[in-house]
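First up is the structure itself, then whatever we jot down about it.
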Amino acid sequence: DAGVIQSPRHEVTEMGQEVTLRCKPISGHDYLFWYRQTMMRGLELLIYFNNNVPIDDSGMPEDRFSAKMPNASFSTLKIQPSEPRDSAVYFCASSPGTFGYTFGSGTRLTVV
Amino acid sequence: AQSVTQPDIHITVSEGASLELRCNYSYGATPYLFWYVQSPGQGLQLLLKYFSGDTLVQGIKGFEAEFKRSQSSFNLRKPSVHWSDAAEYFCAVGGIQGAQKLVFGQGTRLTINP
């Protein structure tokens, strides 16, 4: 198994632009999580899905952030418009339940 | 407030020395407890987890952790560290109100002196 695959690995964009981060979970995992990691705030859960349905989006910072999971093998996290304070490493993780999380390698986003 | 606390932001130990990383949580019931390790530029890898039963849990890479209910703690230990153990370590709790999500501590950065 290739694990959780995130793309791109690095993204540099200008303030105001739309950014889309992508995640392919491990096949058979029913849960998918999006986390954001910054020096100041550590690892924060943004949103998680169960069987493609959003369960908890209370960590999504504001309306500029949106996440979708159109099918069991793909999820996106979109930021529109992006701001410099959105600069962070964004992790996707998947799990079959029972907390067997597998994390992707992350996307490092820089907004200038 | 409900939280996970890792009191030490940065710890430096010599190679071969013993290690203990601290973790405390404040939740009404005993949550599920986890330790993860993150190497630079990488995602998080699970070291060990505690759900119930024996309070001393063995993990990968020679790590162990002990759950102490009276202290609301779940400290990570290793008898003898190797240079390759240098990384960031995260304590996490899960199962709060039955939810599948994990809540992470702020992390402890471990540096190994040769």
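Sequence lines set the chain letters: A, B, ... in the order given, protein chains first and strands last, and positions in each chain run from 1.
For the options B:Gly107, B:Gly43, B:Gly41, heavy-atom pairs under 4.5 Å to chain A are most numerous at B:Gly43.
Residue B:Val93 is grouped with residue B:Val37 when hydrophobic side chains (ILVMFWY) are merged at heavy-atom distances under 4.5 angstrom, including chains of intermediate members. One hydrophobic cluster holds both B:Phe63 and B:Val4 under the rule that ILVMFWY side chains link at heavy-atom gaps under 4.5 Å. There is a path of hydrophobic side-chain contacts, each under 4.5 Å, that joins B:Ile60 to B:Val81. With hydrophobic clusters built from ILVMFWY side chains whose heavy atoms lie under 4.5 angstrom apart, B:Leu47 shares a cluster with B:Val57. If you chain together hydrophobic residues whose side chains sit under 4.5 Å apart, B:Phe67 and B:Leu19 fall into the same group.
Looking at B:Ala92, neither its backbone nor its side chain comes within 4.5 Å of chain A, counting heavy atoms on both sides. Contact of A:Phe99 with chain B is made through backbone and side chain together, with heavy-atom distances under 4.5 Å. Heavy atoms of B:Leu46 lying under 4.5 Å from chain A are absent altogether.
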Can you check whether chain B and chain A share any donor-acceptor pairs under 3.5 Å, and give the atom names and distances if they do?
unit_1	atom_1	unit_2	atom_2	d
A:Arg9	NH2	B:Gly41	O	3.1
A:Tyr35	OH	B:Leu102	N	3.3
A:Tyr35	OH	B:Leu102	O	2.8
A:Gln37	OE1	B:Gln38	NE2	3.1
A:Gln37	NE2	B:Gln38	OE1	3.0
A:Asp56	OD2	B:Lys101	NZ	2.8
A:Tyr101	OH	B:Gln100	O	3.1
A:Tyr101	OH	B:Leu102	N	3.0

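Scanning residues 14-22 of chain A against chain B with a 4.5 Å heavy-atom cutoff picks out nothing at all.
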For residues 66-74 of chain A, run the donor-acceptor check on the side chains, cut-off 3.5 Å, and write out each pair with its distance to 0.1 Å, sequence neighbours left out.
unit_1	atom_1	unit_2	atom_2	d
A:Asn71	OD1	A:Ser73	N	2.9
A:Asn71	OD1	A:Ser73	OG	2.9
A:Asn71	OD1	A:Phe74	N	3.2

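Residue pairs meeting the salt bridge (charged side-chain N to carboxylate O under 4.0 Å, His left out) criterion with at least one member in residues 45-54 of chain A: none, sequence neighbours excluded.
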